Amino acid sequence: MIKRLIFTLTLLAAVTASFAQKQTMDNFIDKLLSKMTLDEKIGQLTLLPGGDITTGAVMDSPLADMVQKGQLGSVLNVKGIGKIRTLQELAVKKSRLGIPLLIGQDVIHGYETVLPIPLAQACSWDTKAVEEGAKIAAKEASAQGINWVYSPMVDVAHDARWGRVSEGYGEDPYLSSQMGVAAVRGYQGDNNEYGKERVMACLKHYALYGATEAGKDYCSVDMSRLRMFNQYFPPYKAVVEAGVGSVMSSFNIVDGIPATGNKWLMTDVLRDKWGFNGFTVTDYASINEMSQLGFGDGRTSAIQALKAGTDMDMCALAYNKYLKDALSNGSVTQSEIDTAVRRVLEAKYKLGLFDDPYRYCDTKRAKTDMYTPENRRVARDIAAETFVLLKNDGNLLPLKKQGTIALVGPLADTRNNLPGCWSFADKPEKYSTLKECMQRYLGSSAKVVYAQGSNIYADSLRQRADEFGRPIHWGDADAMLKEAVDVANNADVVVACIGEMAEMTGESSTRTDLNLPDVQMRLLKALLATGKPVVLLNYSGRPTVLSWESEHVPAIMNVWFAGSETGDAVCDVLFGDKVPTGKLVNTMPRSVGQVPIFYNHTSTSRPVPDGEKYFHKYVSNYIDETNGPLYPFGFGLSYTTYKYGNVTLSASTMPKDGKVTATVAVTNTGSRDGDEVVQLYIHDRYSSVVRPVKELKGFQRVHIAAGETKTISFDIDASTLSYLDADGNPFLESGDFEIMTGPNSRDVTTAKLTVE
């Protein structure tokens with residue numbers, strides 16, 4: 001009784017303090033708003049890029065002039081704490097009201113210490129690792145003057161052709177939700193306290209950007225609201241409920257209206273239904289792009305965006321051009337402008353910028369907090385968790401630290417490509433290539449011989465690589481191939497480092513062919529022809545097609561783009577000092593013709609089992625390809641083996657307001673300790689709305705020693721079994737459910753649960 005009373009009093013005190021803090025903030029902003037001119041208010045809604053402005057040119061730049069006049073409230077992608085400090089001083093000391101700037105940047109997966117791409121991070125199924133990675137990114141970015149980062153991206157993506165698959169957390173809404181929430185905790189703090197080493201996160205891209213047609217960026221999206229709420233909206237909602245400070249609208253249309261100008265999306269759902277109380281910002285110049293979509297001219301688009309609930313205009317200068325006249329003729333109201341301005345000012349208040357505008361401009365931190373040994377150690381550990389072992393015939397892996405190892409491939413000795421896409425603050429000159437790491441790692445215990453072996457493509461990507469500053473040495477194809485074969489012939493084992501280069505993924509990197517590029521496939525076949533055992537390290541920022549490789553190569557491990565510590569992390573796993581634990585977060589297709597492919601699809605009325613070898617007329621299958629994936633969602637091997645028992649339920653029936661527990665015993669039957677990701681799926685057998693054949697509803701990453709058995713439990717209640725209707729309201733029907741557990745979405749055991 002006393003403990004309960006203490007808890008109640010503590011909670012009451014916290015609520016009272018929170019209310020008092022909000023009242024103080026409201027009073028401060030009320031006074032500030034009352035002093036602002038219309039131009040100054042519109043300035044707070046304007047965000048412009050710094051580009052490559054030099055330190056000496058800051059004072060004479062157009063940005064500086066706008067800042068001093070109070071016509072610019074935020075800047076993005078200005079690199080260098082000196083430049084940022086100068087801009088902040090101009091805002092605080094030279095503008096009439098001294099309102100500090102928001103300083104934003106694309107900090108997507110680390111800063112100078114580059115973490116694995118978000119897709120890879122999700123393959124760890126380790127929310128603590130994702131949180132810790134975001135914490136490191138925030139610490140380094142904030143030491144360089146950044147206080148606002150455009151991350152996390154939680155767009156559910158089913159189409160591997162889309163280059164921006166690399167920036168998100170895969171195809172599943174539940175997993176993406178967990179990862180997005182973890183990232184926000186890392187960026188903003190456990191309770192969104194925004195300390196000096198934390199920053200404001202920005203959820204993106206709201207909404208549905210990952211469902212773009214044909215895998216092309218900036219393309220159309222069209223789907224039912226039922227599908228929106230159940231398959232695409234959950235990660236956005238989860239991150240909003242976690243307290244993310246800002247939300248970025250997407251380029252695409254939703255229900256025929258551009259997201260940036262869609263009131264149902266930006267206000268009715270985001271604010272009224274989910275309770276978001278931060279500020280919203282457009283994607284890059286997306287108000288102007290509403291005209292390109294055929295929605296309206298610049299003036300119409302600007303008015304529509306503000307009235308829809310879009311607070312800040314990124315780089316279009318549309319609010320700057322049109323809002324003043326729109327107010328004078330009654331197209332927008334003073335209240336609508338003031339509401340948007342208030343939200344931006346609240347963000348600056350929460351970040352502590354009014355108390356200390358230079359809290360993110362500590363030059364001492366800029367010298368001590370970047371690319372530290374501790375940050376590198378954590379990044380290395382995280383990277384090792386992301387690698388997915390897809391095949392390991394004859395236990396070829398882990399490799400022995402002896403003999404002669406042929407390290408071959410265009411990605412084996414490149415440092416520019418290790419970070420992957422969207423790593424604008426990286427310092428490749430500080431990073432070690434895999435070749436350098438392997439030679440250092442093995443020392444005198446084994447000999448490493450190297451050959452590049454091939455170009456990335458025969459010719460088509462040379463210009464693009466140079467454009468983004470991540471070139472790979474371009475050489476004579478025949479000569480490189482001959483050198484690689486000679487090296488392989490004189491080695492005991494071959495490690496082939498091939499796949500995508502960094503700029504083949506990310507924004508504006510759609511591919512129609514997901515197979516290994518031509519000259520690299522030629523290299524791989526030549527290496528296999530030597531008769532030496534070959535390990536394929538597949539570098540990629542998306543699911544790729546590995547059907548031929550899966551049939552012919554004895555060992556395959558996806559290493560994605562694992563960041564600045566890739567080389568050491570690969571050696572840790574390749575030679576067995578760490579055990580691979582990664583699991584796929586996107587289904588890997590057999591053929592690009594299956595794309596989009598994802599595990600949580602609805603059933604067809606004429607189903608054919610996955611893996612069926614023969615074509616059947618008048619049922620749902622391909623003439624020229626087997627149904628089902630090459631590797632299913634959740635799949636990943638280890639250097640040890642696990643045996644799953646049958647899933648059991650604490651009760652076979654459950655009232656709608658009740659709870660049951662699902663348990664499964666998992667035994668490590670191998671000789672190595674390891675971490676296993678135990679997964680829980682459900683299927684509503686009969687429903688008034690057709691439900692997916694499987695839905696992930698829980699997972700646990702569990703350490704199991706060799707020979708040990710652990711019993712894993714999952715609680716199941718209405719929130720586990722419900723779906724959302726077309727208005728986003730949860731709905732649970734009576735009837736039978738299948739409860740499934742297993743190591744991936746394919747290999748599961750099932751128990752029946754009846755909801756009464």
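On a predicted model such as this, the values are computed, not experimentally measured, just so you know. Just so you know, residue 1 is the first one in the sequence shown, and it goes up from there. Only this structure's heavy atoms are used, side chains among them; waters, hydrogens and symmetry mates stay out.
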Give a yes or no on whether a salt bridge exists between Arg511 and Asp513, defined as a side-chain N under 4.0 angstrom from a carboxylate O. no
Check: Asp610/Asn627 side-chain N/O donor and acceptor closer than 3.5 Å: no
Determine, stepwise, if the pair Asp283 / Lys204 fulfils salt bridge (Lys or Arg N to Asp or Glu O under 4.0 Å). CA-CA 9 Å; Asp283 206 336; Lys204 64 182 190 181; over 6 Å; no
I'd like to know if the side chain of Thr433 pairs up with that of Asp413 as donor and acceptor (distance under 3.5 Å, no hydrogens or angles considered). yes
Hey, are Asp155 and Arg164 close enough for a salt bridge, meaning a charged N less than 4.0 Å from a carboxylate O? no
Any chance the side chains of Thr212 and Asp217 put a donor and an acceptor closer than 3.5 Å? no
Could you tabulate the donor-acceptor pairs under 3.5 Å formed by side-chain atoms of residues 111-124, not counting sequence neighbours?
from, atom 1, to, atom 2, distance (Å)
Glu112, OE1, Lys430, NZ, 2.9
Thr113, OG1, Glu140, OE2, 2.5
Gln121, NE2, Pro116, O, 2.8
Ser124, OG, Gln121, O, 2.6
Ser124, OG, Asp126, N, 3.1

Can a side-chain donor-acceptor contact be found between Glu507 and Tyr218 if the only test is distance below 3.5 angstrom? yes
Distance-only polar pair, side chains of Asp747 and Asn744, donor-acceptor under 3.5 Å: yes
Is the closest side-chain donor-acceptor distance between Tyr631 and Thr587 under 3.5 Å? no
From Leu537 CG over to Asn558 CG, what is the distance, rounded to the nearest 0.5 angstrom? 9.5 Å
Sidechain N-carboxylate O distance under 4.0 Å for Arg542, Glu500: yes
Residues Asp478, Arg522: salt bridge by 4.0 Å N-O rule: yes
Going by the rule side chain to side chain contact (heavy atoms under 4.5 Å, CB included), which residues pair with Asn490 if we only count those two or more places apart in sequence or in a different chain? none
Pairing residues for Phe633 by the ring-ring contact (aromatic ring centres under 6.0 Å, His included) criterion, not counting sequence neighbours: Trp125, Tyr599
Carboxylate-amine/guanidinium contact Glu676 Arg701, below 4.0 Å: no
Taking only residues two or more places apart in sequence, or in another chain, which ones meet Lys427 in a salt bridge (Lys or Arg N to Asp or Glu O under 4.0 Å)? none
Pairwise ring pair (Phe, Tyr, Trp, His ring centres under 6.0 Å) hits with a residue in residues 562-586, at least two apart: Tyr441-Phe575
If we ignore angles and hydrogens, is there a donor and acceptor under 3.5 Å between the side chains of Thr414 and Asn416? no
Does the distance from a Lys or Arg side-chain N to an Asp or Glu carboxylate O, for Lys391 and Glu549, drop under 4.0 Å? no
salt_bridge(Asp492, Lys400) N-O dist < 4.0 Å: no
List in chain and number order the residues that pass side chain to side chain contact (heavy atoms under 4.5 Å, CB included) with Arg672, two or more places apart in sequence or in another chain; answer none if no residue qualifies. Pro398, Val579, Tyr639, Thr640
